[in-house]
Amino acid sequence: MNNFVFYSPTEFVFGKDTESRVAEMTAKYHGTKVLIVYGGGSVVRSGLLDRIRKTLDEAHISHIELGGIQPNPTDLKVYEGIELGRREKVDFLLPVGGGSVIDTAKAIACGIPYEGDFWDFFIGKAVPRQALRLGVVLTIPAAGSEGSGNSVITKTDGLKKLSLRTPEVLRPAFAIMNPELTFTLPPWQTACGITDMMAHIMERYFTNTEETEVTDRLCEGTLKAIIEEARKVMKEPRDYGARANIMWAGTIAHNGICGVGCEEDWASHFMEHEVSAVYDVTHGAGLAVIFPAWLTYMAGHHARKAAQLANRVWNVPESDNLKAMALEGIEKMKEFLHEIGMPVTFKELGIEHPDIDLLVRKLHENKGELVGNYVRLDRQATREIYETANR
Ligand code: NZQ
Ligand code: ZN
């Protein structure tokens with residue numbers, strides 16, 4: 001196991017009616033002028049936004065709003081939020097929604113106190129040293145942004161979808177997580193979220209670091225629980241217990257605990273970010289297409305961990321033929337993805353003729369000549385994976 005620092009200071013407030021504690025939590029973390037950030041309208045339709053406004057009003061916490069954040073959020077709303085936040089002198093961000101809303105709020109939070117262009121942080125030109133505090137009200141378990149120090153934003157000019165990772169600065173102070181708020185999720189979004197959280201675990205699980213038994217078992221156990229609870233939730237969207245388990249799994253999957261002590265991979269995410277940047281597909285659905293293709297490449301080049309995954313998570317019997325085990329596991333994973341309504345090829349995702357030249361070029365321009373760690377992938381390898389996803 002490698003040396004590690006695991007810093008996860010977010011206070012999670014989990015369960016029924018917990019959104020009623022939003023003012024109390026905001027006051028606890030010294031929010032006095034709050035910028036509420038939300039998406040395309042689900043929180044308006046559900047009445048959640050109104051309830052939050054009322055709770056803040058009752059506690060005499062001043063608040064303003066920035067709505068209309070789209071999935072695969074862009075820099076435009078971040079600039080708008082920075083300008084608004086500075087003008088109105090906000091001191092606290094309160095995203096109410098999913099990863100797109102939270103990530104936009106995080107970028108605004110570190111952009112407000114920074115004199116330069118916030119995009120500097122995403123291209124590695126500067127490192128955020130400070131940010132306004134933020135608290136989250138989560139409405140979709142998927143991206144794990146409620147417990148992560150990451151933000152993923154697309155630069156409209158050039159369609160560059162890049163991620164920023166600064167856990168010391170960007171982890172939310174608190175995250176309110178009421179599984180009942182997820183009852184209204186359409187099946188597609190539920191399934192995309194499930195796929196994303198599974199991918200977050202696998203990105204960490206695929207490591208060459210030795211002696212990571214605890215982390216491995218945590219990953220495998222959480223994946224197995226997700227698979228079981230996903231089946232329940234897809235059948236009965238108002239099953240509180242299943243929704244609660246899925247919601248917590250989404251946080252565990254991405255707050256870092258499943259990767260402590262390991263070198264992580266992340267090639268599949270980087271490959272998917274090019275797909276959702278160019279074709280504006282839902283991130284989880286893009287991963288459902290890329291991950292099995294990436295695993296197929298691994299089965300041929302470095303099958304050890306894929307075989308272990310097949311055996312411990314997908315119940316494939318042990319054998320000496322690791323490649324065959326890995327391939328059988330991939331088939332089971334694809335069956336599961338189909339079962340929950342996910343695509344596993346570009347065609348099924350609605351992209352008839354993906355521009356693979358463009359995807360490969362953008363990927364390596366953004367992420368360097370070699371991508372990932374479990375196997376370092378060059379242009380030929382990433383092309384092969386995109387082509388596998390296109391069969
Ligand atoms: O915009 P509204 O109207 O609110 O609708 C949203 C949106 O259309 C809807 N939704 C959310 N909660 C709902 C609901 N509909 C009904 N009932 C509810 N309770 O769901 C749609 C998707 O929302 P979005 O925030 O885009 O979903 P998600 O949480 O999957 O976030 C995706 C974004 O996060 C990035 C992805 O790349 C993508 O841009 N990621 C962020 C990460 C991070 N910060 O750590 C890591 C991830 O790997 C990922 O890359
Ligand atoms: Zn993801």
Side-chain angles (χ1 to χ4, degrees), residues 10 19 36-49 66-75 77-78 95-107 109 122 134 136-154 159 161-167 170-172 175 177-204 237-238 243 246-247 250-251 253-256 259 264-277 280-288 290-291:
T10 306
E19 67 275 17
I36 302 175
V37 183
Y38 64 95
S42 70
V43 299
V44 178
R45 288 190 297 278
S46 67
L48 175 63
L49 186 61
L66 176 73
I69 312 302
Q70 300 293 327
N72 298 322
T74 71
D75 56 334
K77 279 286 177 188
V78 178
V96 182
S100 299
V101 168
I102 303 169
D103 288 0
T104 302
K106 285 177 176 174
F122 286 75
L134 80 162
V136 169
V137 180
L138 187 67
T139 64
I140 171 172
S145 190
E146 70 282 3
S148 85
N150 302 11
S151 168
V152 183
I153 301 290
T154 301
L159 293 178
K161 184 172 186 176
L162 298 181
S163 49
L164 166 67
R165 188 175 195 174
T166 38
L170 283 183
R171 288 221 209 237
M177 300 169 63
N178 176 359
E180 287 179 319
L181 298 178
T182 68
F183 285 175
T184 52
L185 278 170
W188 169 259
Q189 288 297 344
T190 300
C192 284
I194 286 163
T195 310
D196 191 17
M197 61 184 79
M198 291 176 75
H200 293 161
I201 296 172
M202 290 189 289
E203 295 281 15
R204 295 173 162 95
R238 299 181 76 85
R243 284 286 190 193
I246 289 290
M247 197 173 208
T251 304
H254 201 41
N255 81 337
E264 301 177 0
D265 188 70
W266 295 101
S268 303
H269 260 69
F270 295 152
M271 293 185 72
E272 191 294 319
H273 282 165
E274 297 309 331
V275 178
S276 49
D280 198 20
V281 294
T282 309
H283 171 61
L287 286 168
I290 297 297
F291 230 107

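Being a predicted model, the structure only gives us computed values, none of them experimental. Atoms within each ligand, like the ligands themselves, are counted from 1 in listed order.
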Colleague: For atom 26 (O) of ligand 1, what's the nearest protein heavy-atom neighbour? Residue, atom name and distance, please.
Modeller: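 Answer, as residue, atom name and distance: S100 OG, 2.5 Å.
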Colleague: Does any donor atom in the side chain of R243 or T190 lie under 3.5 Å from an acceptor atom in the other side chain?
Modeller: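 R243 vs T190: donor-acceptor pair found between side chains.
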Colleague: Can you list the ligand 1 atoms lying under 4.0 Å from a non-hydrogen atom of T184?
Modeller: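 Answer for ligand 1: 16 (C), 17 (N), 18 (C), 19 (N).
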Colleague: Can you check whether L164's main-chain N or O pairs, donor with acceptor, with K106's side chain at less than 3.5 Å?
Modeller: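 Side chain of K106 to backbone of L164, a donor-acceptor pair under 3.5 Å: no, none is there.
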Colleague: Could you tell me the separation between the CZ atom of F291 and the OG1 atom of T195, rounded to the nearest 0.5 Å?
Modeller: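 Atom-to-atom, F291:CZ and T195:OG1 are 11.5 Å apart.
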Colleague: Taking distance alone, with N or O pairs closer than 3.5 Å, would you say T182 contacts ligand 1?
Modeller: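 No, there is no polar N/O contact under 3.5 Å.
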Colleague: Can you list the ligand 1 atoms lying under 4.0 Å from a non-hydrogen atom of H269?
Modeller: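 So the answer, numbered in order with elements, is 48 (O).
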Colleague: What closest approach, in Å, do V37 and A105 show between heavy atoms, and which atom pair accounts for it?
Modeller: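 Minimum heavy-atom separation between V37 and A105: CG2-CB, 4.1 Å.
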Colleague: Could you tell me how the ring of F270 sits relative to the ring of H273: parallel (under 30°), tilted (30 to 60°) or perpendicular (over 60°)?
Modeller: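 F270 vs H273 ring planes: tilted.
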Colleague: In terms of residue, atom name and distance, what is the protein heavy atom nearest to atom 28 (P) of ligand 1?
Modeller: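 The answer is G99 N, 3.6 Å.
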Colleague: Need the ligand 1 atom indices (1-based, order shown) with element for anything under 4.0 Å from a heavy-atom of N72.
Modeller: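 Here the atoms of ligand 1 in question are 38 (C), 39 (O).
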Colleague: Could you report the tightest heavy-atom contact between L138 and G98, atom names first, then the distance?
Modeller: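 Heavy-atom minimum between the residues: CD1-CA, 4.4 Å.
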Colleague: Walk me through whether V43 and V101 qualify under side chain to side chain contact (heavy atoms under 4.5 Å, CB included).
Modeller: CA-CA 11 Å; V43 299; V101 168; over 6 Å; no
Colleague: Which ligand 1 atoms, with their elements, are less than 4.0 angstrom from a heavy-atom of K161?
Modeller: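 Answer for ligand 1: 36 (C), 37 (O), 38 (C), 39 (O).
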Colleague: Among all protein heavy atoms, pick out the one at the shortest distance from atom 34 (O) of ligand 1; state its residue, atom name and that distance to 0.1 Å.
Modeller: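 Of every protein heavy atom, A143 CB, 3.7 Å lies nearest to atom 34 (O) of ligand 1.
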Colleague: Is atom 32 (C) of ligand 1 touching the protein, meaning some protein heavy atom lies under 4.0 Å away?
Modeller: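 Yes, at least one protein heavy atom sits under 4.0 Å from atom 32 (C) of ligand 1.
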Colleague: For V152, is at least one N or O under 3.5 Å away from an N or O on ligand 1?
Modeller: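 Not met; the criterion fails.
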Colleague: If you have a sec, work out which protein heavy atom is nearest atom 6 (C) of ligand 1 and how many Å separate them, to one decimal?
Modeller: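 Going atom by atom, the protein heavy atom closest to atom 6 (C) of ligand 1 ends up being S42 OG, 4.5 Å.
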Colleague: Report, in ascending order of atom number, the atoms of ligand 1 lying under 4.0 Å from any heavy atom of P73.
Modeller: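 Here the atoms of ligand 1 in question are 39 (O).
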Colleague: Just by modelled atom types, is the G147 backbone N or O under 3.5 Å from a matching donor or acceptor in the R171 side chain?
Modeller: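 The answer is yes, because a donor-acceptor pair under 3.5 Å joins these two groups.
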Colleague: Kindly give the heavy-atom pair with the smallest separation between A107 and V78, and that separation in Å.
Modeller: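 Between these two residues, the closest heavy atoms are CB-CG1, 3.7 Å.
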Colleague: What residue and atom, counting heavy atoms only, is the protein's closest point to atom 44 (N) of ligand 1, and at what distance?
Modeller: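 Here the closest protein heavy atom is D103 OD1, 2.8 Å.
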Colleague: Measure from the side-chain N and O atoms of S151 to the backbone N and O of D103, and report whether any donor-acceptor pair falls under 3.5 Å.
Modeller: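 Yes.
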Colleague: Would you say E272 contacts ligand 1, with heavy atoms under 4.0 Å as the rule?
Modeller: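 Judged by the 4.0 Å heavy-atom criterion, E272 does not count as contacting ligand 1.
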Colleague: Just checking, any donor-acceptor pair under 3.5 angstrom between side chains of E146 and T10?
Modeller: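 There is no such pair (donor and acceptor under 3.5 Å, judged by atom type) between the side chains of E146 and T10.
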Colleague: Which residue owns the protein heavy atom closest to atom 22 (C) of ligand 1, what's the atom, and how far is it?
Modeller: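 Atom 22 (C) of ligand 1 sits closest to the protein heavy atom Q189 OE1, 3.5 Å.
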Colleague: Quick check: do C192 and H283 have side-chain heavy atoms less than 4.5 Å from each other?
Modeller: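 Heavy-atom side-chain distance check fails, nothing below 4.5 Å.
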Colleague: The Zn ion (ligand 2): which protein N, O or S atoms are under 2.8 Å away?
Modeller: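 Listed by chain and number: D196 OD1, H200 NE2, H269 NE2, H283 NE2.
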Colleague: Any atoms of ligand 1 less than 4.0 Å from a non-hydrogen atom of L181? List them with their elements.
Modeller: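 That gives atoms 19 (N) of ligand 1.
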Colleague: For T104 and P73, which heavy atoms make the closest approach, and how far apart are they?
Modeller: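 Closest heavy-atom pair between T104 and P73: OG1-CB, 3.3 Å.
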Colleague: With sequence neighbours left out, what residues match I140 under side-chain contact (heavy atoms from CB on, under 4.5 Å)?
Modeller: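 I140 satisfies side-chain contact (heavy atoms from CB on, under 4.5 Å) with A142, L185, Q189 only.
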Colleague: For G41 and ligand 1, answer yes if some heavy atom of the residue is under 4.0 Å from a ligand atom, otherwise no.
Modeller: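 G41 counts as a contact of ligand 1 under the 4.0 Å cut-off.
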Colleague: For ligand 1, which atoms, with element, lie under 4.0 Å from some heavy atom of G98?
Modeller: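 Answer, ordered by atom number: 25 (O), 29 (O).
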Colleague: How far is atom 13 (C) of ligand 1 from its nearest protein heavy atom, and which residue and atom is that?
Modeller: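 Minimum-distance protein heavy atom for atom 13 (C) of ligand 1 reads L185 CD2, 3.4 Å.
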Colleague: For H254 and H200, take the angle between the two ring planes, folded into 0 to 90°, and tell me which bin it lands in: parallel under 30, tilted 30 to 60, perpendicular over 60.
Modeller: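 H254 and H200: parallel rings.
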Colleague: Before signing off on this row, confirm whether G40 and ligand 1 have an N or O atom pair separated by under 3.5 Å.
Modeller: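 Indeed, backbone or side chain, G40 has an N or O that close.
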Colleague: Please tell me whether S163 and N150 have a donor and an acceptor in their side chains that are separated by less than 3.5 angstrom.
Modeller: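 Result is no, nothing qualifies.
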Colleague: In Å, rounded to the nearest 0.5 Å, how long is the span from OG of S100 to CD1 of I153?
Modeller: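 Answer for the OG-CD1 pair, S100 versus I153, is 8.0 Å.
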Colleague: Can you name the atoms of ligand 1, numbered from 1 with element, that are less than 4.0 Å from a heavy atom of P71?
Modeller: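 Contacts of ligand 1 toward P71, numbered from 1: 7 (C), 8 (O), 26 (O).
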Colleague: Give me the residue, atom name and distance of the protein heavy atom closest to atom 12 (N) of ligand 1.
Modeller: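 For this ligand atom, the closest protein heavy atom is T139 OG1, 2.8 Å.
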Colleague: Going by heavy-atom distance to atom 36 (C) of ligand 1, choose the closest among H283, H200, E146.
Modeller: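 Among H283, H200, E146, the closest heavy atom to atom 36 (C) of ligand 1 belongs to H283.
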Colleague: If the contact criterion is a heavy-atom separation under 4.0 Å, does H273 count as touching ligand 1?
Modeller: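 H273: in contact with ligand 1 (<4.0 Å).
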Colleague: Do side-chain atoms of N72 reach the backbone of V281 as a donor and acceptor pair under 3.5 angstrom?
Modeller: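 Looks like yes, one N/O pair under 3.5 Å.
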